[in-house]
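These notes concern the structure reproduced below.
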Amino acid sequence: ILTSLEKLEVAPPSPGQLKHVFFHNALPFVGFGFLDNAIMIAAGTQIELSIGVVLGISTMAGKYCQIQNRLFLFSCSSSLAGYVEALASRLGLSIPDLTPKQADMWQTRLSAHLGKAIGVTIGCILGMFPLLFFGDEEEKLEEKN
């Protein structure tokens with residue numbers, strides 16, 4: 001037997017609420033993508049260069065080491081995700097005001113997933129800034145050869 005409350009249909013979230021869900025999910029992932037990519041580029045390249053030079057390994061072995069280093073650095077940057085979310089909440093990013101049924105609707109889940117995907121993409125693009133500093137080193141290596 002259904003109670004009268006269970007029979008009531010809940011209205012889908014408004015466009016404003018969906019926008020709030022989108023930004024609530026996107027902003028922490030911008031920070032995570034930025035940190036992840038910046039750490040992987042800066043530290044991963046340095047680790048690869050140092051191991052490759054010291055051990056005198058081939059290009060294929062260097063690529064294998066690079067993959068292992070990136071997995072290690074990804075796990076390190078993943079541990080920073082909690083700090084990024086805490087910072088976002090301190091900056092005033094409030095939780096969207098939705099009922100549990102609204103939070104479980106496909107529109108809300110789609111908005112949340114799009115926010116995460118777009119947020120991490122923007123963060124990764126912004127996190128490529130260390131590449132601006134690697135151009136000179138590569139030119140110097142080419143001049144020596």
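Position 1 is the first residue of the sequence, and the numbers go up from there. The figures here come from the full heavy-atom set of this structure, side chains too, leaving out hydrogens, waters and symmetry mates.
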Query raised in the report: Roughly how far apart are Phe133 CZ and Leu131 CG, rounded to 0.5 Å?
Result: 10.0 Å
Query raised in the report: Any side-chain heavy-atom pair from Met105 and Leu98 closer than 4.5 angstrom?
Result: no
**Report entry** Side-chain heavy atoms of Val30 within contact of Val120, under 4.5 Å
**Finding:** no
Query - Same apolar cluster: Leu110 and Leu18, side chain cutoff 4.5 Å - result: no
Query raised in the report: Looking only at atom types and distance, does a side-chain atom of Gln17 sit under 3.5 Å from a main-chain N or O of Pro96, one as donor and one as acceptor?
Result: no
**Report entry** Gap between atom CZ of Phe29 and atom OG1 of Thr121 - 0.5 Å precision
**Finding:** 11.0 Å
Report task. First locate atom NE2 of His20, then atom OG of Ser14, and finally report the distance between them rounded to the nearest 0.5 Å. Result -> 11.0 Å
Requested in this report: Please answer whether the main-chain N or O of Gln107 pairs with a side-chain N or O of Ser111 as donor and acceptor at a distance below 3.5 Å.
Outcome: no
Query - Closest contact, heavy atoms only, Gln102 versus Val10 - result: CG-CG1, 3.5 Å
Requested in this report: Without swapping roles, check the side chain of Asn25 against the backbone of Val21 for a donor-acceptor pair under 3.5 Å.
Outcome: yes
Query - Which residues share a ring pair (Phe, Tyr, Trp, His ring centres under 6.0 Å) with Phe22, sequence neighbours left out - result: none
Report task. Please round to the nearest 0.5 Å and tell me the distance separating atom CG of Leu35 and atom CG of Leu126. Result -> 11.0 Å
